[in-house]
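First up is the structure itself, then whatever we jot down about it.
By convention in this document, chain letters (A, B, ...) are assigned in the order of the sequence lines, proteins followed by strands, and residues within each chain are numbered from 1. Note that the structure is a prediction, hence the values are computed from the model and not measured.
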Amino acid sequence: MKISYREALREALRDALASDPRVFLMGEDVGRYGGSYAVSKGLLEAFGPERVRDTPLSELGFVGAGVGAALGGMRPIVEVMTVNFSLLAMDQIVNGAAALRHMSGGQLHVPLVIRMATGAGRQLAAQHSHSFEGWYAHVPGLRVLAPATIADARGMLEPALACPDPVILFEHVRLYNLEGELGDDPSAWRCDIRSAAMRRAGDAVTIIAYGGGLLRALEAADQLAGEGIEAEVIDLRVLRPLDTPTLLGSVRKTHRAVVVDEGWKSGSLSAEIVARLMEGAFYDLDAPVGRVCSEEVPMPYALPLEEAALPQPGKIVAAVRTLLGKT
Amino acid sequence: MKISYREALREALRDALASDPRVFLMGEDVGRYGGSYAVSKGLLEAFGPERVRDTPLSELGFVGAGVGAALGGMRPIVEVMTVNFSLLAMDQIVNGAAALRHMSGGQLHVPLVIRMATGAGRQLAAQHSHSFEGWYAHVPGLRVLAPATIADARGMLEPALACPDPVILFEHVRLYNLEGELGDDPSAWRCDIRSAAMRRAGDAVTIIAYGGGLLRALEAADQLAGEGIEAEVIDLRVLRPLDTPTLLGSVRKTHRAVVVDEGWKSGSLSAEIVARLMEGAFYDLDAPVGRVCSEEVPMPYALPLEEAALPQPGKIVAAVRTLLGKT
Amino acid sequence: MSLGPVPYDKTSSQALLADMLRIRRLEEAAAEWYGAGKIRGYLHLYIGEEAVAAGAMPCFHEGDDVVATYREHGHALMRGVPMNAIMAEMFGKALGCSRGRGGSMHLFDAGRRFFGGNAIVGGGLPLAVGLALAAQLQHEARVVACFFGEGAVAEGAFHESMNLAALWKLPVLFCCENNLYAMGTALARSESQTDLCVKAESYQVPALRADGMDVVSVRETTQQALARMRAGGGPAFVEYRTYRFRAHSMFDPELYRDRKEVEAWKERGPIHTFSARLKAEGKLTEEEFLALDARAMAEVAAAVAFADAAPFEPVSELGRDVVAQEEP
Amino acid sequence: MSLGPVPYDKTSSQALLADMLRIRRLEEAAAEWYGAGKIRGYLHLYIGEEAVAAGAMPCFHEGDDVVATYREHGHALMRGVPMNAIMAEMFGKALGCSRGRGGSMHLFDAGRRFFGGNAIVGGGLPLAVGLALAAQLQHEARVVACFFGEGAVAEGAFHESMNLAALWKLPVLFCCENNLYAMGTALARSESQTDLCVKAESYQVPALRADGMDVVSVRETTQQALARMRAGGGPAFVEYRTYRFRAHSMFDPELYRDRKEVEAWKERGPIHTFSARLKAEGKLTEEEFLALDARAMAEVAAAVAFADAAPFEPVSELGRDVVAQEEP
Ligand SMILES: Cc1ncc(C[n+]2csc(CCOP(=O)(O)OP(=O)(O)O)c2C)c(N)n1
Ligand SMILES: Cc1ncc(C[n+]2csc(CCOP(=O)(O)OP(=O)(O)O)c2C)c(N)n1
Ligand SMILES: [Mg+2]
Ligand SMILES: [Mg+2]
């Protein structure tokens, strides 16, 4: 069955709402509008306005309300329309959701899922193109997910809701229209939310990517294969906690790595990946780990500039070639 | 003349207010209360309530107002009481101050200085002990400073105000009471806001630190010297843009490095430093760069737990010993 | 409070009408070129709401400051930003008013004190407060026009900004364009108190209400609010009751409102009601109307040609204007 | 609205008094042990404001939820958190009510539905809204008590939370402890509208005002607000006019207010005025007062001994309770 990333997310929401009365979805325009990226389209009609709840434009307020509702015994799914607006709610996530278990000495916990769209590539300019996955992945107490495949879009919500701690789930805007085959049986998408996944095997170099970067990494790998370079592609999937063993395992085999990250280079998640490889595989590395990230500019609107600012397959290929001394 | 870090900051503010009528200071309790860390004590009396302006508890609002006032031709200094509360204002900093020059195609610029206290070590627990310097250092369009010495506390404000772009200035809470000698002549504190500084020369290892970590790094270096290990200590001073050449220069000499960072390890600024050393000095390194950071827990209140969570001189010493194979 | 019609002369009446036509035609072209892929990203049309920008903007002086939202083509144009520069910006070109960096949501013109173009709902309000604070500290008489939608009223930024402006008696005119919807969210599903003037007054900010479909009501009300402000009265608030005829953005399937409701509002469309009135008052003939409209369309066509021909900025310039060129 | 004194019997009157004494003595001891270095971090004393927690808290049922601020020793104690656990928490000990992780600003007791202890001004309000939303969705009758200071009213969180609660008719009682200062900032330097009930009403939230120095006024007003809420009336707001006798925290040199002002308020101190009244009404003798006070002091002394003797959590446990132990 062909299904889009968007539909996969929607079916996962539908399952969650159907199977657990404690689950509800809330956010700006998730109901009558159908979701700003149409993910929740049709769910209002199926589950009613109490459980598919439109909120006013009050990111701090309704994210905090999600934290409170989780404390009160519900299993809220809060949609923050995009990561850009999540800055307004950051305090409730960092000082509330992430900290309450610890601050209360383990008495409380916050079983909350926050979904948000992330990333650039749609010419939405500086205030609508952020990639702050790395910031959330910095915060103890949170679990951070980045489904990059249709199966993960379909499968990650269930374990996220089962997780007793707050989970941030990033949906990349460039993936919503992605289509692919997915079986009808839950085994086709059942997954854990602790492991990275090898998406392509190879021995010449490890390309590490996540979210919107995965497809570009795979594209680069295909190009490289044409030149006889077999790249192993690892999809991080879970950005916190990082599955370091899988990364190290691959790099110990390939001895070279490139990290792809749509965040601005300095201080992006890619830096942490490099640091982990330094710490765990320094003596296995034949060359410094490369990074292909966004240029350090607020995202420009104009198409050529935006394309130049983002990590593209060509840049990944070039980075791998440099690593292999093939320039 | 003996002067404290707090007094040095205050004298810098006093100079700024006295010398430029466009400068004003605004923030919660900067006036009548005297500043929550007493930095601005006495300035209300000297400059009046228009220029030393108490604000309501509205971080988003008054930080945004600082951005607007800068656009309107003023040179605002906004005090956000602590970095913890700056999460509430993050949107105005990231989507406003940092982005306006670029989004407007270079027409606008935001000559704004935002001061905030940062760091842990005073048993203020999970919501009052954050170190988010690294997050701000991730954002293009900002300049980020971390004075770690009395001279820098005295000297950094002037070039920050002269900078046509928004500057975030982090004052570490453990340093306010620090005292030291500082000459009366401006040459004693005049400084740039683009270079790191070598605070101690050595050849065995480079210890890279900033803000509240510097003194601990120096303490560790003293201990190590007792064992015959001469550590070079670099104070980053400027967290964005990073002065990579100075770091690389030192590491090419010592071949080993440890980064000290009070942020939670994963995704902290230390990761970026490691990545830069990987990229620029991989073949000069004799061992993987070490990191001494905060443990990945919301900061606990109890003294023994807080102390265990923070980077301490002993841990730095241990990390250096490990690097040198002396365990 | 009576806002009855004021006798405008023929010239000034026709100028108001011409402005509304210029906005309308500009946006229709933008929609068309969006469809053709020349304009991308988000495009939020103001069609139906033209009376607000056309009526309000001329009340502000050259030295005043203007802050707007992502639905700001009309405001930029009324502020005097050349249509060429606006269209080129939407096309992402180097001759755009933000050099192609901003696009539709981020029109800027520093010379005209047009401070954008903000895509964060509520994000412009604190900026406006700060601009007004600067004016106050500089002892200058300028005021700040701050436009935003009724959806922004729910944001914390609204609350903090209203309070700061009122507390410090800052010259901000909060211009709330109440088009009844924030994307798909109707006002009553967003505010426990739907009378926005009552909300404004709770900050001790005087509030007026204008018929946002009537350019004269807009103009009179804005002037009235400004008169009080310019006399040193601190901030004021105007609610413009209006309606957007088009979808929220080019992606909106409009599931949340009834076509009938849209049709009913269209009957109150600001352009045809005003031109009908002018005709009835003998200040406009059909020929004059067509001439005005033709002039607007010609201006738009020229702007499109300009925008299309203009170059993109070279990719080598990507890193420009992130920070100042000179090292501090 | 008349809030005239209600005839409490001797037992219940003395119980109210005893509670205020317990809070007072607990905090005096906390200040003392802070001075001795056993308690550290920030310590915000409630001294002078005891009538609010003592009068309001008993109006809430066991099943209700409570959210408080960093100035919450009194609320925790009135909610039934054992004094030993509170004192041990301030000492940072493993037997503290947050296992020493929270300290004075983060008292928690999940079993008593005491949701803390929040050191971000305004941070508790959205949580309270969410707790009430859970109650509503679960069709349970519980209500949420949300305490906060008047300084929080300027925060965006206040605005967004009031609106959400009113819009969705959620059972939150917003308990605003107006002690006239937020650190050193007097209400009039923080709010353009200093009548906080007017502000609350602008959200369509009914508002009542209580004399926060009078435990009977507090209790009556709270009950009145709750009666309406429990009948399904959505949120309500109570302003408790009170005053803190001590500095904001242990670091505050109190430059911003006049000693005379403090002395004048002290004359209205909740403990001595209430005991005087009970004596006048023949419900309390001096001996009884001294006995109640002695009992409070004994409880405090025992709590201090308990806290001092309790162990710190071993450092090996540092990583506990960041996330659940089991892998999901
Ligand atoms: C903080 C924030 N939240 C959400 C959005 C997404 N969004 C863009 S426009 C809009 C609706 C705003 O409605 P309103 O303020 O009434 O203005 P209108 O679009 O009707 O002119 C929303 C929700 C945003 N841009 N910023
Ligand atoms: C968001 C935020 N800003 C600033 C502070 C610092 N701070 C702690 S308490 C306080 C005053 C709060 O006053 P109020 O709400 O009236 O409560 P009170 O202390 O008077 O009980 C301030 C400014 C904070 N904790 N959180
Ligand atoms: Mg609207
Ligand atoms: Mg107060």
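Interface residue M103(A): only side-chain heavy atoms are found under 4.5 Å from chain B. Using a 4.5 Å cut-off between heavy atoms, V139(B) contacts chain A through both its backbone and its side chain. Both the backbone and the side chain of M90(B) come within contact range of chain A, with heavy atoms under 4.5 Å apart. Neither the backbone nor the side chain of S86(B) has a heavy atom closer than 4.5 Å to any heavy atom of chain A. Residue A98(B) touches chain A through its backbone alone, counting heavy-atom pairs closer than 4.5 Å. Heavy atoms closer than 4.5 Å to chain A are found in the side chain of Y283(B), but not in its backbone. Using a 4.5 Å cut-off between heavy atoms, Y301(B) does not touch chain A at all.
Between chain B and the options V259(A), L87(A), L285(A), the largest number of non-hydrogen pairs under 4.5 Å is found for L87(A). Counting heavy-atom pairs closer than 4.5 Å to chain B, the top-ranked of the candidates A271(A), P140(A), G267(A) is P140(A). Of the listed residues (A89(B), P300(B), P298(B)), the greatest number of heavy-atom pairs within a distance under 4.5 Å of chain A belongs to P298(B). Contact count versus chain A (heavy atoms, under 4.5 Å) is highest, among E296(B), M278(B), E295(B), for M278(B).
Note that NE2 of H138(A) and CG of L269(B) are 9.5 Å apart. Values are rounded to the nearest 0.5 Å. Atom CD of E272(A) sits about 6.5 Å away from atom OG of S268(B), to the nearest 0.5 Å.
Interface with chain B: from residues 117-125 of chain A, no residue qualifies, criterion being any non-hydrogen pair under 4.5 Å. Among the residues in residues 239-252 of chain A, those with a non-hydrogen atom closer than 4.5 angstrom to a non-hydrogen atom of chain B are R240(A).
Of all heavy-atom pairs spanning P288(B) and F282(A), the tightest one is CD-CD2, 3.4 Å. Of all heavy-atom pairs spanning V274(A) and A275(B), the tightest one is CG1-CA, 3.7 Å.
For the side-chain contact (heavy atoms from CB on, under 4.5 Å) criterion with D91(B), the lone passing option out of L60(A), L88(A), N84(A) is L88(A).
With a 4.5 Å cut-off on side-chain heavy atoms, E279(B) and V289(A) do not count as touching. Using a 4.5 Å cut-off on side-chain heavy atoms (C-beta onward), H130(B) and N95(A) make contact. Within the 4.5 Å cutoff, the side chain of S266(B) has heavy atoms near those of the R276(A) side chain.
Using bins of under 30°, 30° to 60° and over 60° for the plane-to-plane angle, the ring pair W135(B)/W135(A) lands in the parallel bin.
Side chain of H102(A) to main chain of M299(B): no donor-acceptor pair is present (N/O by atom type, distance under 3.5 Å, no hydrogens or angles).
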